[in-house]
Number of protein chains: 2
Amino acid sequence: MTVPLYQAKAEFFRTLGHPARIRVLELLSERDHAVHELLAAIEIEPSNLSQQLAVLRRAGLVAQRREGSEVVYSVSVPEVRDLLLAARVILRTLIDGQDQLKKDLRPVARTRR
Amino acid sequence: MTVPLYQAKAEFFRTLGHPARIRVLELLSERDHAVHELLAAIEIEPSNLSQQLAVLRRAGLVAQRREGSEVVYSVSVPEVRDLLLAARVILRTLIDGQDQLKKDLRPVARTRR
DNA sequence: GTGGTACATGAAGACTTCATCATGTGCGAA
DNA sequence: TTCGCACATGATGAAGTCTTCATGTACCAC
């Protein structure tokens with residue numbers, strides 16, 4: 001491997017760092033989808049979706065295949081599902097933590113006396 | 001929650017999308033570290049590290065506390081460890097896949113004729 | 001062949017993120 | 001209180017990312 005591992009890891013996370021790409025991966029981890037199906041679900045310009053799909057393809061996370069007139073995408077690394085799940089757990093913790101923080105901040109004068 | 005979940009998720013992944021921040025999280029998930037310890041391990045300008053730490057703090061992923069003259073950081077969401085592990089698994093799959101791809105691409109002239 | 005639908009690619013500008021440098025703040029020692 | 005160390009913050013320019021629009025290619029129907 002030519003690139004340090006932590007840098008590869010950072011690049012990988014950046015690949016996931018876009019709302020449309022997250023949605024695509026979530027939809028694809030349920031089942032394969034044709035582009036027009038993704039398009040119907042995601043609310044995004046067609047060319048923009050194509051570009052985001054290209055990013056995921058270049059990263060090796062999804063694969064495309066042509067079926068007649070349409071192009072079908074699928075997740076090529078099944079573990080992505082686990083990752084999205086782990087992220088969901090952390091996000092829940094973070095959001096709950098924020099709510100808690102708001103409550104804790106109310107009586108701020110008494111945090112230390 | 002005011003922000004759609006998939007957008008929060010994308011922001012979260014973008015927070016992880018930087019080599020220095022990955023390294024920090026990896027080091028912190030082993031044990032708490034003072035800033036000067038991180039600095040010794042990471043090879044980065046002090047002010048740059050401070051900024052990356054600020055990003056992680058704002059995201060709620062790490063917490064800081066002062067201990068005498070130094071500042072000690074810790075992971076505030078233990079599940080981050082699981083996430084980094086899941087990422088490692090996927091990355092391994094991807095890298096192995098790339099190696100395979102290289103082999104497959106060698107006889108490229110015969111893919112279609 | 002022509003036309004239409006489905007998708008991909010390329011280029012350009014707006015926007016965001018990053019690294020660097022200068023300055024600011026909190027703590028301990030003298 | 002003044003100095004020095006440890007760290008944080010703010011500003012600036014460079015680099016990267018995103019969206020939009022225009023164009024290009026593959027398939028199907030006719």
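Residue numbers begin at 1 in each chain, while the letters A, B, ... track the order of the sequences. Both backbone and side-chain heavy atoms feed into the values below; hydrogens, waters and symmetry mates do not.
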* Taking everything shown except B:E67 itself, do over 12 heavy atoms lie less than 6.0 Å from its CD? ->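 Yes - once you tally the heavy atoms of other residues, nucleotides and ligands closer than 6.0 Å, there are more than 12.
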To the nearest Å, give me how far apart [atom1] ([X]) and [atom2] ([N]) are.
X: A:Q7; N: D:dG16; atom1: CD; atom2: C1'; result: 14 Å
X: B:R65; N: D:dA6; atom1: CZ; atom2: C1'; result: 16 Å
X: A:L49; N: C:dA6; atom1: CG; atom2: P; result: 14 Å
X: B:L56; N: D:dT9; atom1: CG; atom2: P; result: 13 Å
X: B:L39; N: D:dC5; atom1: CG; atom2: P; result: 15 Å
X: B:E11; N: C:dC15; atom1: CD; atom2: P; result: 18 Å
X: B:E70; N: D:dC5; atom1: CD; atom2: P; result: 16 Å

* To do: Could you walk me through whether B:L28 and B:L61 pass side-chain contact (heavy atoms from CB on, under 4.5 Å), step by step?
  => CA-CA 10 Å; B:L28 293 187; B:L61 290 173; over 6 Å; no
* Steps toward side-chain contact (heavy atoms from CB on, under 4.5 Å) verdict (A:R81, A:L84) -> CA-CA 5 Å; A:R81 247 191 144 208; A:L84 291 176; 5.8 Å; no
* **side-chain contact (heavy atoms from CB on, under 4.5 Å) assessment of B:L49 paired with B:V24** => CA-CA 9 Å; B:L49 177 59; B:V24 166; 3.9 Å; yes
Reckon [X] touches a base, only the sugar-phosphate, or nothing at all at heavy-atom distances under 4.0 Å?
X: A:E37; answer: nothing
X: A:E67; answer: nothing
X: A:S69; answer: sugar-phosphate

* Is there a donor-acceptor contact under 3.5 Å from the side chain of A:S76 to the main chain of A:G60? ->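 Between the backbone of A:G60 and the side chain of A:S76 there is a qualifying donor-acceptor contact (under 3.5 Å).
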* Asked: A:Y73 pairs by side-chain hydrogen bond (donor to acceptor under 3.5 Å, both in side chains) with which of A:H33, A:R57, A:R65?
  ->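 That would be A:R57.
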Establish, with yes or no, whether the OP1 or OP2 oxygen of [N] is under 4.0 angstrom from a side-chain nitrogen or oxygen of [X].
X: B:R57; N: D:dT9; value: yes
X: B:Y73; N: D:dA6; value: no
X: A:Q64; N: C:dC7; value: no

* Please determine if A:R92 and B:E79 form a salt bridge, counting it only when a charged side-chain N lies under 4.0 Å from a carboxylate O. =>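 A salt bridge is absent here (no side-chain N lies under 4.0 Å from a carboxylate O).
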At a cut-off of 3.5 Å, list every protein nitrogen or oxygen paired with a nitrogen or oxygen from nucleotides 16-23 of chain C, distance to 0.1 Å.
residue: C:dT17; atom: OP1; partner: B:R14; partner atom: NH1; Å: 2.6
residue: C:dC18; atom: OP1; partner: B:R21; partner atom: NH2; Å: 3.4
residue: C:dA19; atom: OP2; partner: B:H18; partner atom: NE2; Å: 3.1
residue: C:dA19; atom: OP2; partner: B:N48; partner atom: OD1; Å: 3.3
residue: C:dA19; atom: OP2; partner: B:N48; partner atom: ND2; Å: 3.3
residue: C:dA19; atom: OP2; partner: B:Q52; partner atom: NE2; Å: 3.2
residue: C:dT20; atom: O4; partner: B:Q51; partner atom: NE2; Å: 2.9
residue: C:dC21; atom: N4; partner: B:S47; partner atom: OG; Å: 3.0

